[in-house]
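Step one of this worksheet: look at the structure below.
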Amino acid sequence: MFRNLLLLPFLAILAPLAANGQPADLIVHNGKIVTVDRDFSIRQALAVRGDKIAAVGSDAEVLALRGPKTQVIDLKGQTVVPGLMDSHTHALNASLYEFDHPVPDMETIADVLQYFRNRAKVVPKGQWIVLEQVFITRLREQRYPTRQELDEAAPDHPVVFRTGPDASVNTMALKLSGIDKNFEITDGRPGRIERDANGEPTGILRAASRLIKSKPSKKQPTFLDKQNRLKALIADYNKLGITSIADRNTDPEDLEVYRALHDKGTLNVRVFINAAVDANAPVSEIEAQIKRAANDPLHRENDSLWVRGIKVFLDGGML
């Protein structure tokens, strides 16, 4: 109950003591209610009526709103704070990041290469090893691992170090993807193959990771797995006081996971959705994607799950 209470301050502007005499549905008292008003005042008690905060004040003032059906909770000195919002997440992707195996923290190129060495011991030879979302801006060297370094770490596997649309790959990955000295990008989309002085690919692909013909070597989650992983991540959010998130790039399949939790009543954060739209698709397809988001039943005001806008990529991301 206390965890759910953290959601309440987002339902309404903090209200003064109610004067209409209607009893509260919920009262919490004997605590520290952090109002975050102009004076950052701390009160003893809080009352809720329906889906809005009805009153804050002293124990005596707020308990006066108690009725025969009011739920009353003694906080015993605990603190109630407004819920926090994370305004830019990719929650479902984050929840599945370690679905197949734990991924250690990496701070250096040496850490990255050791990860590939370790994976090469358990992934059958010839199968792909892919590491995503370890941004080079967070590595001490501030660079990609080279093709030669990746070759040394996993010579018998095609290797991909991918951060969104950019990637660094080893020699086997280039070969299996058909990217050689004569390769040209012909799909009309952005991208650049970095080359050395002899015109050979260096292994670094800028805004062109789509060209990598990788195949999953990890176990793939079912729809139920996705729901359970997202629920577990949301529970972690709640423990830290996060009660509202914006998922900034949600494709139709991912939206169905959110919808399923919402319909079951187990979506324990408020979610604003930005529906994914492929800005590099033909105009007719872009229009269809926007219409699909606009026509979704969740594209209306909804305190729990709201398809609020769209997301497009034009510049290849932070790198």
Side-chain angles (χ1 to χ4, degrees), residues 1-15 18 22 24-26 28 35-36 46-56 71 80-96 221-279 285-313:
M1 187 65 220
F2 184 74
R3 183 184 71 193
N4 292 338
L5 177 63
L6 290 174
L7 293 169
L8 298 176
F10 277 111
L11 301 183
I13 296 174
L14 205 57
Q22 295 180 7
D25 296 316
L26 169 68
V28 294
T35 66
V36 198
L46 176 149
V48 177
R49 186 182 297 115
D51 62 355
K52 299 186 184 301
I53 296 173
V56 291
Q71 181 183 8
V80 176
V81 298
L84 302 175
M85 178 179 183
D86 191 328
S87 64
H88 191 148
T89 71
H90 301 286
L92 185 56
N93 289 342
S95 73
L96 295 170
T222 65
F223 188 68
L224 183 58
D225 287 330
K226 292 179 179 180
Q227 293 178 60
N228 291 334
R229 296 290 291 194
L230 183 56
K231 281 175 60 178
L233 179 62
I234 288 171
D236 286 339
Y237 285 161
N238 295 156
K239 290 176 184 178
L240 297 174
I242 296 174
T243 60
S244 183
I245 65 172
D247 191 311
R248 293 299 188 184
N249 190 51
T250 312
D251 63 29
E253 183 178 337
D254 290 352
L255 179 58
E256 292 309 309
V257 180
Y258 282 108
R259 198 191 314 267
L261 294 187
H262 175 263
D263 292 346
K264 293 177 182 178
T266 56
L267 187 64
N268 287 342
V269 289
R270 305 186 185 287
V271 184
F272 281 178
I273 294 291
N274 282 89
V277 172
D278 182 0
E285 187 176 334
I286 293 174
E287 291 176 343
Q289 292 174 11
I290 294 173
K291 288 179 180 178
R292 180 174 59 212
N295 293 330
D296 193 289
L298 290 171
H299 180 51
R300 58 180 173 80
E301 187 170 355
N302 185 316
D303 284 339
S304 298
L305 181 60
W306 187 354
V307 177
R308 193 76 189 273
I310 62 173
K311 171 71 172 282
V312 297
F313 292 88

Which pair of heavy atoms, one from Leu305 and one from Ile273, lies closest together, and at what distance?
CD1-CG1, 3.8 Å
Does Asp236 have any side chain to side chain contact (heavy atoms under 4.5 Å, CB included) partners at least two apart in sequence or in another chain, and if so, which?
Lys239
Contact summary for Ile242 and Val269, nearest pair of heavy atoms
O-CG1, 3.8 Å
Closest approach of Thr243 to Gly83 (non-hydrogen atoms, all atoms of both residues):
OG1-CA, 3.2 Å
All heavy atoms of Tyr258 vs all of Ala91, minimum pair found to be OH-CB, 3.3 Å
Could you go step by step and tell me if Tyr237 and Ile245 meet the side chain to side chain contact (heavy atoms under 4.5 Å, CB included) rule?
CA-CA 9 Å; Tyr237 285 161; Ile245 65 172; 3.9 Å; yes
Decide yes or no for Leu46 and Val28: does some side-chain heavy atom of the first lie under 4.5 Å from some side-chain heavy atom of the second?
yes
Scanning both residues in full, the closest heavy-atom pair of Pro82 with Val36 reads CG-CG2, 3.5 Å
Within-4.5 Å side-chain heavy-atom neighbours: Asn93 and Asp254
yes
Can you name the nearest heavy-atom pair linking Asn249 to Lys311, along with the distance?
OD1-CG, 3.4 Å
Is there any salt bridge (charged side-chain N to carboxylate O under 4.0 Å, His left out) pair reaching into residues 286-302, and which pairs are they, with sequence neighbours excluded?
Arg259-Asp296
Which pairs, with at least one residue in residues 225-234 and sequence neighbours excluded, count as a salt bridge (charged side-chain N to carboxylate O under 4.0 Å, His left out)?
Lys226-Glu253
Close side-chain approach of Ile290 and Ile310, heavy atoms under 4.5 Å:
yes
Side chain to side chain contact (heavy atoms under 4.5 Å, CB included) assessment of Val312 paired with Val277
CA-CA 5 Å; Val312 297; Val277 172; 3.8 Å; yes
Rounded to the nearest 0.5 Å, what separation is found between the CD atom of Gln227 and the OG1 atom of Thr222?
8.5 Å
Could you tell me whether the side chain of Arg248 and the main chain of Ser87 form a donor-acceptor pair under 3.5 Å?
yes
Using the side-chain contact (heavy atoms from CB on, under 4.5 Å) rule, pick out the option among Val271, Leu255, Asn274, Asn302 that qualifies with Val307.
Leu255
Does His299 reach the main-chain N or O of Ala293 with its side chain, forming a donor-acceptor pair under 3.5 Å?
no
Examine the side chains of Thr89 and Asp86 and answer whether a donor and an acceptor come within less than 3.5 Å of each other.
no
